[in-house]
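The chain is numbered in sequence order, starting from 1. What's counted below: heavy atoms across the whole structure, side chains too, no hydrogens, waters or symmetry copies. Predicted, not measured: the structure shown is a model, and the values here were computed from it.
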Amino acid sequence: GAGAIGQILAQLAKYTGAGVVIVSEPNAFRRGIAQQICADIVVDPLSQDLKTVVDAVTSGRGPDIVIEAIGSSSTCAEALRIVGRGGKVIFFGCAPPEQLLEIRPWDLYAKEIVMKAVKSSPYAFKKAIQTISRLDLMPIITHKYSLDKIHEALDAARSLAGLKVLVGPGGAPFDLCQTGGVTGGR
């Protein structure tokens with residue numbers, strides 16, 4: 001997915017040496033931002049089969065690493081389906097507790113899949129701070145509101161129209177986050 005976290009993870013993949021970054025996202029706006037800042041290929045999973053695209057790009061081998069950043073059992077299953085032999089699937093998105101993921105153990109064995117779930121790590125904070133300055137985060141801030149427009153900001157965040165909605169008191173420090181694509185009341 002190309003939500004804010006997915007956009008950051010795709011940039012990190014590129015930054016750490018991924019040859020080709022493929023992002024799957026149904027929202028056209030988010031696909032556009034992903035293509036602008038990090039993705040080599042963007043896929044609309046509503047009109048394209050992700051596995052077909054991935055197989056074409058990897059000559060049928062599949063990716064070495066798949067990062068699931070949405071958090072649903074269907075996207076987790078898709079990640080396991082597309083990963084290449086000996087590949088790793090990283091589950092970064094958090095599926096609701098009531099969702100189940102059906103896995104055929106044979107598929108894990110036959111493809112030698114490594115799975116890793118990520119929640120948070122107190123040991124990653126220092127490295128994250130050192131790395132964040134190398135990423136292009138400004139396009140991810142799609143809406144900016146002053147504190148007196150908090151209700152509009154919450155509505156914008158709930159609508160999923162953008163990526164990250166920034167709320168601040170206004171004034172000079174808030175204006176440091178100015179980007180050309182930022183919208184919203186001030």
[Y] backbone acceptor or donor facing [X] side chain under 3.5 Å:
X: Q11; Y: D136; result: yes
X: E25; Y: N27; result: yes
X: S73; Y: Q99; result: no

Applying the 4.5 Å side-chain criterion to the ILVMFWY set and letting contacts propagate, would [X] and [Y] be lumped into a single cluster?
X: V83; Y: V114; value: no
X: I67; Y: V118; value: yes
X: V20; Y: V54; value: yes
X: V43; Y: V66; value: yes
X: L163; Y: L135; value: yes

Crowded around [X] [atom1]? As in, over 12 foreign heavy atoms under 6.0 Å?
X: K51; atom1: NZ; answer: yes
X: I129; atom1: CD1; answer: yes
X: Q130; atom1: CD; answer: yes
X: I132; atom1: CD1; answer: no

Subject >> Separation between CD1 of I82 and CD of E78, rounded to the nearest 0.5 Å >> reply: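 Reported value, rounded in 0.5 Å steps: 6.0 Å.
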Subject >> Pairwise distance NZ(K164) to CD1(I141) - rounded to 0.5 angstrom >> reply: 10.0 Å
Original post:
Quick one: salt bridge (Lys or Arg N to Asp or Glu O under 4.0 Å) partners of D40, sequence neighbours excluded?
Top reply: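 Applying salt bridge (Lys or Arg N to Asp or Glu O under 4.0 Å) to D40 gives K14.
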Original post:
Using 4.0 Å as the upper bound for N to carboxylate O, is an ion pair formed by D64 and K111?
Top reply: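 The answer is no: the pair does not qualify as a salt bridge.
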Subject >> side-chain contact (heavy atoms from CB on, under 4.5 Å) between Y145 and V165, worked out >> reply: CA-CA 8 Å; Y145 292 89; V165 176; 3.8 Å; yes
Under the side-chain contact (heavy atoms from CB on, under 4.5 Å) test, residues paired with [X] that sit two or more places apart:
X: A10; value: V21, V23, C38
X: L154; value: I150, R158
X: D107; value: R104

Subject >> Pair listing, ring pair (Phe, Tyr, Trp, His ring centres under 6.0 Å) test, anchored in residues 27-61, at least two apart >> reply: none
**OP:** Give every residue pair that meets the ring pair (Phe, Tyr, Trp, His ring centres under 6.0 Å) criterion with at least one member in residues 48-106, sequence neighbours excluded.
**Re:**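 Qualifying pairs, neighbours excluded: W106-Y109.
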**OP:** List the atom of D44, the atom of P26, and the distance in Å for their closest heavy-atom pair.
**Re:**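 Reported closest heavy-atom pair: OD1-CA, 3.8 Å.
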